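These notes concern the structure reproduced below.
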Amino acid sequence: MIEFAKDPATNGLWETIVARPGMVVKRGTYIGEASMLLAGVSGSFIRSDELALALIDAVLHRSKELLKPAALLQKGQELVNLQGAQQAR
């Protein structure tokens with residue numbers, strides 16, 4: 001990524017954000033929901049929709065920090081809850 005960012009073709013517009021999610025599971029599946037119940041708050045598991053929202057948020061807000069499992073989980077759950085509240089209106 002560092003070499004790619006230095007490539008003249010990128011015009012200095014390339015940024016890399018590093019995320020280290022735990023296990024990614026699909027919402028609504030038996031295995032995914034059981035995994036979240038057992039280890040959800042530790043950040044060991046994150047639902048795919050929560051991860052997607054957390055990563056989009058990191059890109060939009062130009063996050064400069066390493067996105068570790070617990071931070072990704074917290075942000076993802078926060079955004080899913082916010083999305084659900086807005087849809088309920």
Side-chain angles (χ1 to χ4, degrees):
M1 287 290 151
I2 293 171
E3 291 305 314
F4 181 76
K6 292 178 184 177
D7 190 311
T10 66
N11 257 353
L13 299 175
W14 183 269
E15 289 185 36
T16 301
I17 296 174
V18 177
R20 295 187 59 204
M23 294 287 293
V24 180
V25 296
K26 185 175 179 183
R27 181 180 295 277
T29 63
Y30 176 74
I31 301 256
E33 295 303 317
S35 300
M36 290 302 295
L37 283 172
L38 293 173
V41 294
S42 70
S44 298
F45 290 86
I46 185 169
R47 292 180 182 103
S48 57
D49 59 332
E50 295 167 345
L51 177 60
L53 288 171
L55 293 176
I56 290 168
D57 184 74
V59 170
L60 289 175
H61 295 102
R62 303 186 105 180
S63 176
K64 297 290 184 194
E65 63 188 55
L66 174 67
L67 301 173
K68 295 185 178 179
L72 286 167
L73 178 63
Q74 180 181 3
K75 185 53 129 177
Q77 288 179 340
E78 176 185 313
L79 292 168
V80 165
N81 290 337
L82 180 65
Q83 185 181 41
Q86 288 176 347
Q87 288 177 350
R89 291 184 199 170

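Treat the numbers as computed from the prediction; the structure is a model and nothing was measured.
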Using links of under 4.5 Å between side-chain heavy atoms of ILVMFWY residues, direct or through other members, which residues join Ile56 in one cluster?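 For the cluster that includes Ile56, the remaining residues are Leu60.
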Residue list, side chain to side chain donor-acceptor pair (under 3.5 Å) with Asp57, at least two apart or on another chain: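 Asp57 satisfies side chain to side chain donor-acceptor pair (under 3.5 Å) with His61 only.
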Filter on salt bridge (charged side-chain N to carboxylate O under 4.0 Å, His left out), then keep only pairs touching residues 76-87, sequence neighbours left out; what's left?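 Applying salt bridge (charged side-chain N to carboxylate O under 4.0 Å, His left out) to every pair that reaches into residues 76-87, excluding sequence neighbours, yields Lys75-Glu78.
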Taking atom [atom1] of [X] and atom [atom2] of [Y], what is their separation to the nearest 0.5 Å?
X	Y	atom1	atom2	result
Ile17	Leu55	CD1	CG	8.0 Å
Leu73	Ile46	CG	CD1	5.0 Å
Ile31	Lys26	CD1	NZ	13.5 Å

Expected output: side-chain Thr10 to main-chain Ala5 donor-acceptor under 3.5 Å: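 Checking the backbone N and O of Ala5 against the side chain of Thr10, a donor-acceptor pair under 3.5 Å is found.
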Quick one: closest heavy-atom pair of Ala54 and Gly76, and the distance?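 Shortest heavy-atom separation between Ala54 and Gly76 comes out as CB-N, 3.9 Å.
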Minimum heavy-atom distance between Leu51 and Pro21, given as atom pair plus value: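 Smallest heavy-atom distance, with atoms named: CD1-CB, 3.9 Å.
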side-chain contact (heavy atoms from CB on, under 4.5 Å) involving Asn11 - partner list, sequence neighbours excluded: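 Partners of Asn11 under the side-chain contact (heavy atoms from CB on, under 4.5 Å) test: Leu13.
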Taking only residues two or more places apart in sequence, or in another chain, which ones meet Phe4 in a ring pair (Phe, Tyr, Trp, His ring centres under 6.0 Å)?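 Ring pair (Phe, Tyr, Trp, His ring centres under 6.0 Å) check on Phe4 returns Trp14.
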Should Leu67 and Val25 be regarded as members of a common hydrophobic cluster, given that ILVMFWY residues are connected when their side-chain heavy atoms come within less than 4.5 Å of each other, either directly or indirectly?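 Linked, Leu67 and Val25 end up in one cluster.
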I'd like to know if Leu72 and Leu53 are part of one continuous hydrophobic network [Ile/Leu/Val/Met/Phe/Trp/Tyr, side-chain heavy atoms within less than 4.5 Å].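 No, Leu53 and Leu72 fall in different hydrophobic clusters.
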In a table with atom names and distances, give each donor-acceptor pair under 3.5 Å that connects a side chain of residues 80-88 to protein atoms at least two apart or in another chain.
unit_1	atom_1	unit_2	atom_2	d
Asn81	ND2	Gln77	O	3.2

Mind checking what makes salt bridge (Lys or Arg N to Asp or Glu O under 4.0 Å) contact with Arg20, not counting sequence neighbours?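 Salt bridge (Lys or Arg N to Asp or Glu O under 4.0 Å) check on Arg20 returns nothing, list empty.
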